[in-house]
Amino acid sequence: MFIEIDGWMAKLRFSACHFIPNHPKCGCLHGHTYAISVRIEGEQVGDFIIDFERIKGIVNELCDRLDHRVLIAEKDPRLRIGKDKDISVEIIESNKRYVLPSEDVVFLPTASVSAEDLCKYFSAGIAKALRGVNNIRKIHVRVDEGIGQGAGCELEF
Ligand SMILES: [Zn+2]
């Protein structure tokens with residue numbers, strides 16, 4: 001049995017900008033509205049497998065951290081990242097140099113800021129928040145980068 005929450009319909013969304021180094025189109029800084037959809041597989045205990053509101057709360061908190069920010073993958077070997085006393089962040093990629101106010105940037109512990117890596121980030125965050133919930137067997141997470149395209153992954157519990 002499973003419960004499912006559609007990120008577009010349930011407003012589990014955020015807007016942010018990123019770039020994919022050396023990509024012919026996505027190599028330029030650009031933005032998306034993202035939606036996070038979640039399916040939780042497990043056994044029903046009492047009324048629910050898990051309360052929808054609890055899942056929405058967890059996902060909303062993760063979305064809020066990234067909303068209206070520039071997303072940078074801290075482990076991207078293609079980037080050189082310099083941090084200047086928390087005032088600015090300098091990112092050098094190929095022949096480009098971005099200098100951004102540090103308050104505008106969120107560093108993700110990932111190797112990329114693709115939908116695939118954002119999906120890993122969200123699934124890890126959801127799994128961490130659900131640690132100790134024994135009736136859950138699997139979580140599926142899908143990160144849509146705009147309407148009609150996204151990346152999904154699943155985690156065994
Ligand atoms: Zn993009």
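Everything quoted here is computed from the prediction, not taken from an experiment. Counting starts at 1 for both ligands and their atoms, following the listed order.
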Problem set entry | Backbone N/O of Arg69 and side chain of Asp104: donor-acceptor pair under 3.5 Å |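 Answer holds: no.
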
For this session: Could you pull out the N/O/S protein atoms under 2.8 Å of the Zn ion (ligand 1), ignoring any water?
Result: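 Metal shell, protein only: His18 NE2, His30 NE2, His32 NE2.
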
Exercise. With sequence neighbours left out, what residues match His68 under ring-ring contact (aromatic ring centres under 6.0 Å, His included)?
Worked result: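 Testing His68 for ring-ring contact (aromatic ring centres under 6.0 Å, His included), a comparison that skips the adjacent residues, returns none.
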
Exercise. Applying side-chain hydrogen bond (donor to acceptor under 3.5 Å, both in side chains), which residue pairs with at least one partner in residues 51-65 are found, sequence neighbours left out?
Worked result: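 Only Glu53-Lys56 qualify under side-chain hydrogen bond (donor to acceptor under 3.5 Å, both in side chains).
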
Exercise. Can you list the residues that meet the salt bridge (charged side-chain N to carboxylate O under 4.0 Å, His left out) rule with Glu90, with sequence neighbours excluded?
Worked result: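 Checked Glu90 against salt bridge (charged side-chain N to carboxylate O under 4.0 Å, His left out); matches are Arg97.
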
For this session: Decide if atom CD of Glu103 counts as having more than 12 heavy atoms of other residues, nucleotides or ligands within a radius under 6.0 Å.
Result: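 No, CD of Glu103 has 12 or fewer neighbouring heavy atoms, counting only those of other groups under 6.0 Å.
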
Exercise. Between Phe122 and Val59, which heavy-atom pair has the shortest distance, and what is it?
Worked result: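 For Phe122 versus Val59, the nearest heavy atoms are CE2-O, 4.4 Å.
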
